[in-house]
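Report on the structure given below.
Note that this is a predicted model, so its numbers are computed, not measured. Letters A, B, ... are given to chains in the order of the sequence lines, protein chains preceding strands, and every chain is numbered from 1.
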There are 2 protein chains.
Amino acid sequence: MNIRMAIAHQHRETPLAARVSCNDCSLSQICLPLAVDPEQLDELDRIIRRGRALKRGEHLYRAADSFEAVYAVRSGALKTYAMSEDGEEQVTGFYLPGEIVGMDGISTAYHISSAKALETSTVCEIPFTHLETLSSRIPTLQHHFFSLMSREIQEDRALHMLLSKKSADDRIASLLTTIAARQQRRGLSNRIFRLPMSRYDIANYLGLAVETVSRIFTRFQQQGLIRVEGREVEILDRPRLCGEGRLHAG
Amino acid sequence: MNIRMAIAHQHRETPLAARVSCNDCSLSQICLPLAVDPEQLDELDRIIRRGRALKRGEHLYRAADSFEAVYAVRSGALKTYAMSEDGEEQVTGFYLPGEIVGMDGISTAYHISSAKALETSTVCEIPFTHLETLSSRIPTLQHHFFSLMSREIQEDRALHMLLSKKSADDRIASLLTTIAARQQRRGLSNRIFRLPMSRYDIANYLGLAVETVSRIFTRFQQQGLIRVEGREVEILDRPRLCGEGRLHAG
DNA sequence: ATGGCTCATTGACCCTAGTCAATCCACCGG
DNA sequence: CCGGTGGATTGACTAGGGTCAATGAGCCAT
């Protein structure tokens, strides 16, 4: 079985349109419902606008749009990016199903980055003022939100270390294992998966040139660490990929 | 008047020991009290443990300590840093008076980084469970906290761009102007100030070698952009320092 | 099919910033 | 007073990864 077939196989889920509440959503164990009691889930359910669809390349919101809601990714994948004064794009994050995007706008009341679909995607919209009201009434939900934002800060700190101290090899390896772990969280394989983003987005996110990304993918394959076929990736030797052997030797 | 004298001059404030409540704190307009009505300030006041003192080099908390509180810096300055598996330090942030440190631990219930005093400092301790309870009752406080964390995320995104796309010159220039702006927020000069951190910390934070930081400080001075004398800095030509002229020319 | 896209790969060359090393300075303890 | 220690500066050399350029591969509209 080649990589493409293997990946297609694990994506046979019930059609999205059939899900009309968080109760029935396959992501409920990693998404917001995680934080509320079953009897309070209805309240959360009622404020969520479900199933907004985005085509590849479409924007969920743009920088300077007024901040109204945060979004739970239900299917597909998004990237967020900011524009510097001189017009160059900085990809700031990738968001996979079950993850929450849009929390950057809270302090300014408008978004400071843009969110764009990397492929056909659906999101659930959670109006933020409603969410705040509800959070006051449901302490676990408030805590979960603090927690989500805190985790985002933690991840940014890890990225800070990656960008400031690690080689290009380490950055790519880290991206691959991070994506793999997030796949696993959703119940998919952490060994074989499809990258939703282009080499350009990877390079931009990791502070590298596209050519460098390409070269490293090729070399990792030659070294037997991974198998790559366009955007499909299989991790062959996780220990060496994670460092023990790539960093300090071969 | 030399740099040292100029800086000493603007630090004549009332002694810290005299301040027994947020009401009397000179930082109340940029710190937590900002978010609550005067009549509710008492409630906030009551949960805050004030005036914990730290000597230079002392830790406020260490990675893996259980997460109990967040802290408002009252005087002095702190740095936060994380340790990678291979034992190298990564400075993740600097915290000046009026700023909140320690929000990284919420999601894990233990701190993932350590916080250390860069100089003699005092902090106000805000037990987090109390803060959560209070936030449920005071919507503006809840919002303020979401907002604070959101701002932290925004700043991390800006740093991401800095590390991934900008030259060493840009990074140093950005650090200087950021510190200057934060000084101004506290009512101090945004032109002339003392850096609380060593060249090593700056280098570590910005992903550079100490030697590079040193060289750039020297060159910026030769170019007439700044005046440096150890940790004392005066910004002489903000426009060129900020880019228009340094980036695209001279 | 054909042309025009964008994405990806590979090679050749170069430059920015890291490394190594020496020196200087301020501060501290005896 | 002197030696020790850590921070800062400067010089010489080097390498990791960026830039430029060419080519290939997949995809869509015509």
Sugar-phosphate only, base, or nothing, as touched by B:G207 at under 4.0 Å among non-hydrogen atoms: sugar-phosphate

B:V123 and B:L78, any side-chain heavy atoms less than 4.5 Å apart: yes

Nucleotide nearest B:Y200 when distance is taken to its side chain, options D:dG7, D:dG17, D:dT10: D:dG7

Under-4.0 Å salt bridge between A:R219 and A:D169: yes

Protein-nucleotide distance (B:L195, atom CG; D:dA8, atom C1'), rounded to Å: 13 Å

Side chain to side chain contact (heavy atoms under 4.5 Å, CB included), paired with B:H111, selected from B:T80, B:L60, B:D65: B:D65

Chain B footprint on DNA chain C, 5' to 3' - any atom under 4.0 Å from a heavy atom: C:dA17 to C:dA21

Interatomic distance where CG belongs to A:D169 and P belongs to D:dA15 [whole Å]: 16 Å

Under 3.5 Å donor-acceptor, A:D201 side chain and A:K79 backbone: no

Length of the line joining A:L206:CG and D:dG17:C1', which is rounded to integer Å: 14 Å

Between C1' of D:dC28 and CZ of A:R56, the distance in whole Å: 12 Å

Gap between atom OH of A:Y71 and atom CZ of A:R52 - 0.5 Å precision: 5.5 Å

Atom-pair distance (CD1 on A:I172; C1' on D:dG16), nearest Å: 14 Å

Nearest-0.5 Å distance that lies between atom CD in B:Q184 and atom CG in B:N190: 4.0 Å

Greater than 12 external heavy atoms within 6.0 Å of A:R49's CZ: no

Length of the CZ-C1' vector between A:R199 and D:dA25, whole Å: 13 Å

CZ/B:R56: more than 12 non-hydrogen atoms of other groups inside 6.0 Å: no

Closest non-hydrogen atom pair between A:S164 and B:Q90, with its separation: OG-OE1, 2.7 Å

Nearest-Å distance for atom pair CZ/P, residues A:R231 and D:dC27: 11 Å

Value in whole Å for how far the P atom of D:dG18 lies from CG of A:N204: 12 Å

Proximity to DNA chain D (any heavy atom under 4.0 Å), residues of residues 209-217 of chain B only: B:E211, B:S214, B:R215

